[in-house]
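One-based numbering along the sequence shown.
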Amino acid sequence: MKHRDMILLWVGSSSSSQIAAIFSVTLLLFYFSESTIGAPCSINGLPMVRNISEIPQDSYGIPGLTHMTVAGSVLHGMKEVEIWLQTFAPGAATPIHRHSCEEVFVVLKGSGTLYLAETHGTFPGSPVEFPISANSTFHIPINDPHQVKNTGHEDLQVLVIISRPPIKIFTYDDWFMPHTAARLKFPFYWDEQCFQESHKDEL
C-alpha cells in the first residue's frame, strides 16, 4: 500500500477533530518529503535497480568536479566496497592524496594523467606520469600518493571502486610535503553530512 493510501485511510478512521487530522497529515507529508524523498541521507540500503540519472551529484566545493556516490558506505550501508562516478572538467584534478584502501579506476570517456608516487621515503617525491584515456583501467596501490588530472580538452569521466569504506584520505600540498605532515580528511566531503547525521542519531 502506498504512503498516501495509508495516510488517507488513517484520517478516515480517526475520531479526532478535523483540525487535528489536517495537522497530522501535514506532519506525515512533511516527514515523507524530507526524510524519504528529498534528504540526501535518506536511503537505507540500495534498491535492486536504479536509474543513474536520478542519483544526486555535486562538486562538494572542488572546482571542476562532479561526484556521484553510486553505492556508498555512509549513504547506503555498503560494507566491503564503494563505487563513485566522477567527471572532471578540463584542468580539474583530485588533490594529491593517499589512503589505506585499494582503488580501481575505469575511464569511461575523455583523457588525462595519473600521477603516482611511492611511500618508501619521507615524502612522495616526483611522481611517475601515466597517460589515461577512454577504456583505460588502473589501480592505486595502498598508501601510494597519487593524483588524477584531466589534461585533455574534454570532460574526463571515471568509475571508481574503493575497498574498506568509508574512505580516510590524507592530502598533500605538493609532492615534497612530508608524509607526517599530510592532513587527514575524514569524513571526506561527500560523506560529511550523512556521517554527522548517522552519528548524531546514535547519541
Side-chain angles (χ1 to χ4, degrees), residues 38-118 124 127-172 175 185-195:
C41 308
S42 62
I43 300 176
N44 182 16
L46 283 170
M48 189 61 67
V49 179
R50 289 186 300 164
N51 186 329
I52 200 167
S53 66
E54 297 174 356
I55 301 175
Q57 54 185 347
D58 202 319
S59 69
Y60 298 95
I62 302 175
L65 172 70
T66 300
H67 171 93
M68 174 191 300
T69 299
V70 178
S73 170
V74 175
L75 182 58
H76 306 118
M78 300 292 288
K79 303 299 184 184
E80 303 296 335
V81 298
E82 184 158 312
I83 301 175
W84 309 330
L85 182 65
Q86 295 182 327
T87 304
F88 297 86
T94 68
I96 301 169
H97 66 286
R98 63 178 169 87
H99 37 68
S100 58
C101 64
E102 296 173 308
E103 185 174 31
V104 176
F105 288 75
V106 179
V107 181
L108 303 179
K109 67 177 183 180
S111 61
T113 304
L114 164 66
Y115 301 92
L116 182 65
E118 297 181 345
V128 180
E129 299 183 16
F130 298 90
I132 57 175
S133 58
N135 298 322
S136 297
T137 182
F138 56 95
H139 74 280
I140 307 299
I142 292 174
N143 276 324
D144 278 3
H146 58 284
Q147 180 182 49
V148 174
K149 184 175 183 178
N150 183 346
T151 51
H153 301 290
E154 61 179 353
D155 285 350
L156 169 65
Q157 188 174 63
V158 295
L159 190 68
V160 187
I161 303 96
I162 66 166
S163 66
R164 301 167 60 187
I167 194 167
K168 298 178 177 67
I169 290 182
F170 288 87
T171 63
Y172 297 77
W175 295 102
K185 177 58 180 171
F186 180 78
F188 207 59
Y189 298 109
W190 37 82
D191 285 336
E192 280 181 332
Q193 180 178 353
C194 297
F195 185 87

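Partners of Lys149 by side chain to side chain donor-acceptor pair (under 3.5 Å), not counting sequence neighbours: none found. With sequence neighbours left out, Phe170 forms a ring pair (Phe, Tyr, Trp, His ring centres under 6.0 Å) with no residue at all. Scored by the side chain to side chain donor-acceptor pair (under 3.5 Å) test, Thr113 finds Thr151 as partners (sequence neighbours excluded). Partners of Asn135 under the side chain to side chain donor-acceptor pair (under 3.5 Å) rule, at least two apart in sequence or in another chain, do not exist in this structure.
Distance alone, capped at 3.5 Å, is enough to place a donor-acceptor pair between the Thr94 side chain and the Val148 backbone. Between the Asn150 side chain and the Phe88 main chain, a donor and an acceptor come within less than 3.5 Å of each other.
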- Task: Carefully, step by step, assess Gln86 and Leu65 under the rule side chain to side chain contact (heavy atoms under 4.5 Å, CB included).
- Result: CA-CA 7 Å; Gln86 295 182 327; Leu65 172 70; 4.0 Å; yes
- Query: Could you walk me through whether Leu85 and Ile55 pass the side chain to side chain contact (heavy atoms under 4.5 Å, CB included) check?
  - Reply: CA-CA 10 Å; Leu85 182 65; Ile55 301 175; over 6 Å; no
- So Tyr115 and Phe130, side chain to side chain contact (heavy atoms under 4.5 Å, CB included) or not? Walk me through it. CA-CA 6 Å; Tyr115 301 92; Phe130 298 90; over 6 Å; no
- Task: Assess whether side chain to side chain contact (heavy atoms under 4.5 Å, CB included) is satisfied between Met68 and Trp84, documenting all intermediate values.
- Result: CA-CA 6 Å; Met68 174 191 300; Trp84 309 330; over 6 Å; no
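Nearest heavy atom pair, residue Asn143 against residue Pro145, reads O-CD, 3.4 Å. The two residues His97 and Tyr172 have their closest heavy-atom pair at CA-CD1, 4.1 Å.
Using modelled atom types, one finds no donor on one side chain facing an acceptor on the other under 3.5 Å when comparing Glu82 with His76.
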Only pairs under 3.5 Å count here: list side-chain donor-acceptor contacts from residues 155-167, not counting sequence neighbours, and write none if there are none.
from, atom 1, to, atom 2, distance (Å)
Gln157, NE2, Thr87, OG1, 3.2
Ser163, OG, Glu102, N, 2.9
Arg164, NH1, Ser100, O, 2.9

Output a table of donor-acceptor pairs, distance under 3.5 Å, between side-chain atoms of residues 104-111 and any protein atom two or more places apart or on a different chain; print 'none' if there are none.
none

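Partner Lys185 forms a side chain to side chain contact (heavy atoms under 4.5 Å, CB included) with one of Lys168, Glu192, His99 and no other, that one being Glu192.
Atom CD1 of Ile52 is separated from atom CD of Gln57 by 9.0 Å, given to the nearest 0.5 angstrom.
In this structure the side chain of Ile96 never reaches within 4.5 angstrom of the side chain of His146, judged on heavy atoms.
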